[in-house]
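To start, the structure under review is shown below, and the notes come after it.
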Amino acid sequence: MMISTTSELSILKEKQVFFFDLDGTVYLGNKVFDGVLELIHLLEKREDIQFFFLSNNSSRSTSDYLTKLDKYGLSVDENHIILSQHPTIDYLKKEGFKKLFLMGTTSLKKEFEKKGFQLTEEEPEILVLGFDQELTYERLVRASYFLQDGIPYIATHLDNRCPTEKGYIPDAGGIAALLNKTVDRMPRVFGKPNKEMLLFKLNNLQISPDKAVMFGDRLYTDIKMGLNAEVTTCCVLSGESSLNMIKKSESQPDLIIEGIWKVRDVLQ
Ligand SMILES: [Mg+2]
């Protein structure tokens with residue numbers, strides 16, 4: 001396992017769509033990696049390239065993320081953000097679902113309402129599970145009854161746990177596991193590592209996967225998703241993965257770089 005050479009990286013010059021994971025790829029903690037703002041400014045000037053930032057975290061709405069990115073000095077518009085609720089919403093629209101029982105935060109509920117969905121506690125057409133940080137036992141009871149009645153069941157993403165400063169907290173996958181113990185059902189999923197997270201966007205843009213590249217630090221989500229979607233994959237070493245971890249992984253990236261700031265040299 002080696003860091004990709006300049007000539008191996010030249011494949012990036014043919015790409016029209018750049019997907020970037022956020023945490024560990026664009027920033028770490030409170031700090032944007034050096035050279036990333038310059039890369040984004042370069043991409044903004046290139047009319048032949050479209051770029052997107054991705055996160056599975058559906059406890060936050062798109063506008064929450066815009067505020068967050070703005071604090072890092074990244075002032076982009078909402079078209080550049082892909083959260084796990086977006087492929088989920090795309091699916092719900094295509095399938096014609098309107099009345100939802102949504103397990104999610106107030107922020108997420110507002111985003112679904114803005115997209116024209118009716119959130120209901122009675123007779124929903126489908127149950128949608130997100131990273132619900134406002135979950136109550138009463139809502140779990142209601143969800144259990146709906147699921148036993150056999151209504152369709154989907155989730156924005158299924159990360160088991162979410163890291164915080166004091167330790168891990170239950171994420172959407174943890175909540176799904178709790179419901180699964182009760183009703184023996186698991187949801188269909190749209191976020192990473194599911195290929196839908198990339199393909200719904202490429203389908204909407206009408207750009208084929210071989211013209212896209214996914215950058216990320218996690219092998220079992222970012223790189224696995226890229227492989228599933230058949231886009232070029234590039235693992236960055238600025239976050240969770242080391243060369244040794246890549247060597248042992250079943251998800252082998254096409255390219256390896258120290259961090260996305262290296263992309264700027266290739267595109268210039
Ligand atoms: Mg990451």
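When a ligand or atom number is given, it counts from 1 through the structure's own listing order. Position 1 is the first residue of the sequence; numbering continues from there.
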Closest heavy-atom pair and its distance - Glu111, Ser61: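 Here Glu111 and Ser61 meet closest at OE1-CA, 3.2 Å.
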Check ion pair Asp90-Lys94 (N to O, under 4.0 angstrom):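 Salt bridge present between Asp90 and Lys94.
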Over-ring placement of Arg161 relative to Tyr168, 6.0 Å and 45° cut-offs: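 Judged by the rule, Arg161 and Tyr168 form a cation-pi pair.
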Atom of Asp217 nearest the Mg ion (ligand 1) (restricted to N/O/S, atom name only):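 When I compare the N, O and S atoms of Asp217, OD1 is nearest to the Mg ion (ligand 1).
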Heteroatom of Asp23 nearest to the Mg ion (ligand 1) (N, O or S, atom name):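 Of all N, O or S atoms in Asp23, the Mg ion (ligand 1) lies closest to O.
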Asp210 versus Ser208, side-chain donor and acceptor atoms under 3.5 Å: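 Judged by distance alone, the side chains do pair up.
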Any N, O or S atom of Asp21 closer than 2.8 Å to the Mg ion (ligand 1):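 So Asp21 counts as coordinating the Mg ion (ligand 1), yes.
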